[in-house]
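Data block below; observations after.
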Amino acid sequence: MADTLTITDNRTGKTYEVAITDGAIKATDLKKIRTEAADDQGLLTYDPACMNTAACRSSITYIDGDKGVLLYRGYPIEQLAEHSTYLETAYLILNGELPTADQLKTWTHRITMHTMVHENIKKFMEGFTYDAHPMGVFVSTVAAMSTFYPDGKLIFDAERRQMQILRLIAKTPTIAAYAYRHSIGRPYVYPDNDLSFTGNFLNMLFKMTEMKYRPDPALVRALDVLFILHADHEQNCSTSTMRGIGSSHVDPYSALAGAAAALYGPLHGGANEAVLRMLKDIGSVANIPGFIERVKAGEGRLMGFGHRVYKSYDPRAKIIKRTAYEVFEVTGKNPLLDIALELERIALEDEYFVSRKLYPNVDFYSGLIYQAMGFPVEMFAVLFAIARTVGWVAQWEEMLLDSEQKIFRPRQIYTGAEPRDYVAMDARP
Ligand code: CMC
């Protein structure tokens, strides 16, 4: 039997047949379902927040939220976290296949050669106040990059597009590190090409007067794993923003600034900062039952819990929890860990959280690691943004090359006033 859906419109008694492809019907196929009314433009689907609407086809990332599965280009996240590096995973996400040794060498070399930013970028970053949130600085600086690379507008020139992708992946850590150094009043540190991607990032963040910064290999590896875990997550809020803004064919710097702004929110990438603040506010294990009661009464959320797609343990959270212990061996235990562990234990047994399928997400433990590594909470979302840059640009490119995509433009159900005449000021009630 053909994959079709038969719909009877009970308003008219008419029956329609709509094709089902890949488990979906095309919303535009519903337009033909209409009444005799002159103003009926055909049936719409109404789906605030796109809870059950696929907006694209994508071959990058697969999530099974019920089973807690996350694959990049078919490879399980657990295996990538165990065996891969961030740059190798970035190559995979962008190109669809793992690189050969030569391809990885060339790719790593190209990224390393693009880590410097224009000196003028440093200058205008100096204009931000000392207490500017680094995420605000990051978003603005990425947007400003479009003025430094006007060839970024040539989005259908494959070679130029690759150049912007390289620049974005290579320079976001530098911008992030400058934003951090600015916030603590220390001089900016230039990239060190002898170090790995994450090793150099730690260098640009933490180097003081030593001639050569030597990052702790365990911390470099932990940061690399965290970056792998955050590299892509299919059609989340910031990625959809990247695709949405990019669909107007603007340059990728402007689109990525928008995506990073979406990430900044506390319901998305800002959640790990919110988790740390929450753990600090709770203050001690003894205060947890009272806190849980307040959450259940609707007074705030248990940050770092729940997910639109995962209805079981977020596979990234499992890996992060393990990584946390590895980091604490180097840095000493984060004192907030006990509060987090106890919160998790209680929440996983409590009817409120169990019945709503609320489990720890990627943000629940990542902040504890970042804090133990010496990052202030304001930097957490910036770290997420560096790692997610590859996902954003890969999804942006996929969108540009997809012949089914057009400028993003959802419909609405109008609920406002009927047409009426303008009322002069003195005639208004
Ligand atoms: N604490 C307490 N209750 C919650 C929570 C939470 N963290 N999350 C969801 N709920 C409740 C919510 O009140 C609702 O209950 P009810 O049915 O009684 O009204 C039910 O669970 C469903 O929640 P929802 O808001 O409809 O779910 P959503 O899919 O729209 O929201 C979410 C997903 C991630 C925004 C939400 O779970 C949340 O706000 N979590 C806390 C913030 C957070 O940790 N965000 C990071 C997400 S993962 C990384 C990323 O995306 O950047």
Side-chain angles (χ1 to χ4, degrees), residues 47-53 61 63 65-66 68-70 77 135 138-139 226-243 258-279 281-282 288-321 339-340 343-370 377 379-392 395:
D47 188 10
C50 288
M51 300 273 288
N52 196 37
T53 297
T61 292
I63 303 176
D66 291 328
V69 171
L70 170 60
I77 192 67
M135 196 60 182
F138 180 85
V139 167
L226 283 159
F227 280 10
I228 292 171
L229 300 182
H230 286 87
D232 193 49
H233 212 231
E234 51 119 304
Q235 308 313 315
N236 55 84
C237 176
S238 57
T239 301
S240 303
T241 305
M242 182 84 195
R243 281 177 171 264
L263 186 76
Y264 193 1
L267 296 189
H268 194 6
N272 49 17
E273 180 175 342
V275 169
L276 250 279
R277 294 191 194 285
M278 172 189 80
L279 295 176
D281 286 349
I282 294 173
I288 292 177
F291 172 78
I292 294 272
E293 285 316 308
R294 288 196 295 281
V295 169
K296 286 161 62 175
E299 299 165 29
R301 291 199 160 190
L302 173 51
M303 298 310 284
F305 259 68
H307 199 275
R308 172 62 58 78
V309 183
Y310 292 119
K311 299 302 169 198
S312 66
Y313 215 104
D314 180 337
R316 301 168 301 171
K318 269 189 204 149
I319 302 167
I320 289 187
K321 195 172 170 185
I339 301 179
L343 261 181
E344 180 187 345
R345 191 191 65 75
I346 294 183
L348 291 181
E349 286 173 358
D350 190 295
E351 214 284 315
Y352 176 94
F353 298 93
V354 173
S355 63
R356 288 170 179 76
K357 299 190 175 162
L358 301 172
Y359 291 87
N361 59 47
V362 69
D363 290 315
F364 193 65
Y365 286 105
S366 60
L368 290 174
I369 304 184
Y370 293 146
V377 285
M379 279 297 286
F380 294 178
V382 182
L383 300 172
F384 195 155
I386 295 172
R388 186 54 60 82
T389 293
V390 65
W392 288 331
Q395 300 266 355

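Indexing begins at 1, ligand by ligand and atom by atom, following the structure's order. Note that the numbering runs from 1 along the sequence shown for the chain.
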Atom CG of D281 with >12 non-hydrogen neighbours under 6.0 angstrom: yes
Residue list, side-chain contact (heavy atoms from CB on, under 4.5 Å) with F291, at least two apart or on another chain: M278, I282, R294, V295, L302, L343
Using the test side-chain contact (heavy atoms from CB on, under 4.5 Å), find all partners of D350 that sit at least two apart in sequence or belong to another chain. I292, K296, Y352, F353
Less than 4.0 Å from some atom of ligand 1, heavy atoms are found in residues L267, H268, G269, A271, V295, R301, L302, M303, G304, F305, G306, H307, R308, Y352, R356, L358, N361, V362, D363, F384
Using the test salt bridge (Lys or Arg N to Asp or Glu O under 4.0 Å), find all partners of K321 that sit at least two apart in sequence or belong to another chain. E344
Closest non-hydrogen atom pair between I320 and V362, with its separation: CD1-O, 3.3 Å
Say whether Q235 and Q395, considering side chains only, have a donor N or O and an acceptor N or O under 3.5 Å apart. yes
